[in-house]
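One structure is given below, encoded as structure tokens.
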Amino acid sequence: MSGLNVSLAYFLTVVVFGAAFRSLFRKWPRLSVAAEFPASYVLVACWLEVQTIKEVGEWAGGLGPDVTLTILFLVLLTHGVICAGATGNPSLTLMNFLLLETPTLHTLLALAAQFLGAHLALLGAGYYWALELNDMHMIKNLMSRECSTALRVSLVQGVFSECVCAFIYYLIYLSLKRRSALIRVPLVAAVLTFFSHSASDYTMAFLNPSLAYGLTFYCPGFTFTEYSVVYWLGPIFGMTLALLLYMGHIPRIFTKNLLYSQKTHFRVPKGEGDKKK
């Protein structure tokens, strides 16, 4: 349990840092886009430690898959609570852009902040593992240069897996978008945990380009371009299809509804119709 206590202390430190960083920008609404940086940093930094527990925790610390899934769910739940208003997910940022909810400049700055947060989280986790505070981190530090890729299938299968998972996830997300946070945040965390577990033998279903960048792009086995096709184009394509099916059109591209007819919900009373005649 001492190894797990070290990991829990790490999670707490990262979360406190993210919450403190976000609180600084609440005073300046014009800099709200900067909130995407801590949102991405917290998500990637915590998921890297979850990945460490999953890879070496079972035989270095006696931590089984049930512990890993529980920690991942709690991480996603905490992230949804402290990062409310920021996603840390480029796919969701692009979705808001396609929905005409954010302008172009804001979208570009948010994307830059998300990938910057993911990159710094990767560097910070590497420094943390180098401290070798427990057996898991000592082994992880030795394995860091030869990490195992999350992409365990061919490129075509990988794109299909990420696209299908993203399509289902973003349909659920859109249906929950206007629900209360008490319902939306736990359900989203549960769905992401389920997809991560179900797709563990395929792509891990990150459904988040900056998260995938921080977790697997540096691992050998595939080129940067191949990783980009699977973990960037796959989720974005799945998100776009989900948005098209849910809305019937892409507001940024099409003004006319392509799938659903626009019918009025109001009926003229018969009496008024007779008078007009």
Side-chain angles (χ1 to χ4, degrees), residues 25 29-41 43-44 76 79-80 83-118 158-181 183-185 187-189 191-192 195-196 199 203 205-214 217 225 227-263:
F25 290 94
R30 294 181 180 180
L31 299 177
S32 60
V33 67
E36 292 295 339
F37 168 77
S40 180
Y41 181 91
L43 182 61
V44 175
L76 294 171
H79 179 267
C83 297
T87 64
N89 186 341
S91 294
L92 285 175
T93 299
L94 290 175
M95 175 187 286
N96 293 333
F97 175 74
L98 294 176
L99 287 171
L100 301 176
E101 294 181 1
T102 55
T104 302
L105 180 60
H106 184 281
T107 300
L108 294 176
L109 292 175
L111 293 175
Q114 288 162 353
F115 281 101
L116 177 62
V159 171
F160 181 77
S161 175
E162 285 289 305
C163 182
V164 170
C165 291
F167 175 74
I168 299 173
Y169 167 70
Y170 287 112
L171 275 180
I172 297 174
Y173 180 88
L174 286 167
S175 65
L176 296 174
K177 190 175 182 180
R178 300 190 183 281
R179 294 293 185 91
S180 169
I183 299 175
R184 184 183 69 255
V185 174
L187 285 179
V188 168
V191 170
L192 287 174
F195 277 129
S196 177
T203 61
F206 294 127
L207 311 183
N208 182 332
S210 61
L211 177 64
Y213 168 79
F217 271 46
T225 302
Y227 278 128
S228 300
V229 169
V230 174
Y231 289 107
W232 292 0
L233 296 184
I236 292 174
F237 188 62
M239 175 274 293
T240 306
L241 288 178
L243 184 59
L244 178 61
L245 180 62
Y246 185 82
M247 298 286 295
H249 69 126
I250 307 295
R252 179 71 63 174
I253 303 174
F254 306 106
T255 57
K256 182 180 180 181
N257 198 305
L258 303 177
L259 300 181
Y260 311 116
S261 59
Q262 300 291 334
K263 294 182 178 180

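As a basis for the values below, the full set of heavy atoms in this structure was taken, side chains included, without hydrogen atoms, waters or symmetry mates.
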Which pair of heavy atoms, one from [X] and one from [Y], lies closest together, and at what distance?
X: H249; Y: N257; value: CB-CA, 4.0 Å
X: S40; Y: S210; value: OG-OG, 3.8 Å
X: L94; Y: M239; value: CB-CE, 4.0 Å
X: A35; Y: A86; value: O-CB, 3.7 Å
X: E162; Y: A205; value: OE2-CA, 3.0 Å
X: Y213; Y: A118; value: CD2-CB, 4.1 Å

Side-chain donor-acceptor pair under 3.5 Å between Q114 and T93, yes or no?
->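 Side chains of Q114 and T93: pair found under 3.5 Å.
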When rounded to the nearest 0.5 angstrom, what distance separates [atom1] in [X] from [atom2] in [Y]?
X: Y169; Y: L174; atom1: OH; atom2: CG; result: 9.5 Å
X: N96; Y: S91; atom1: CG; atom2: OG; result: 11.0 Å
X: L92; Y: L99; atom1: CG; atom2: CG; result: 10.5 Å
X: L243; Y: Y170; atom1: CG; atom2: OH; result: 11.5 Å
X: L192; Y: F206; atom1: CG; atom2: CZ; result: 12.0 Å
X: M95; Y: M247; atom1: CE; atom2: CE; result: 10.5 Å

Spell out, as yes or no, whether a donor-acceptor pair under 3.5 Å connects the side chain of Y231 to the backbone of T203.
->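 Yes, the answer is positive, given that a donor and an acceptor are paired below the 3.5 Å cut-off.
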Would you find a donor on one side and an acceptor on the other, under 3.5 Å apart, between the side chain of R184 and the backbone of R179?
->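 At least one qualifying donor-acceptor pair exists.
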Picking from W232, Y41, F217, what satisfies ring pair (Phe, Tyr, Trp, His ring centres under 6.0 Å) with F115?
->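 Looking at W232, Y41, F217, the match for F115 under the ring pair (Phe, Tyr, Trp, His ring centres under 6.0 Å) is W232.
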Do [X] and [Y] make a side-chain contact, defined as non-hydrogen atoms from C-beta onward lying under 4.5 Å apart?
X: Y246; Y: Y173; result: no
X: Y260; Y: L245; result: yes
X: V185; Y: L76; result: no
X: P38; Y: C83; result: no

Apply side-chain contact (heavy atoms from CB on, under 4.5 Å) to F195 and I168, showing your working.
-> CA-CA 10 Å; F195 277 129; I168 299 173; 3.7 Å; yes
Residue pair I236, T240: steps toward the side-chain contact (heavy atoms from CB on, under 4.5 Å) verdict | CA-CA 6 Å; I236 292 174; T240 306; 4.2 Å; yes
Decide if atom CZ of R252 counts as having more than 12 heavy atoms of other residues, nucleotides or ligands within a radius under 6.0 Å.
->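 Yes, the 6.0 Å shell around CZ holds more than 12 heavy atoms from other groups.
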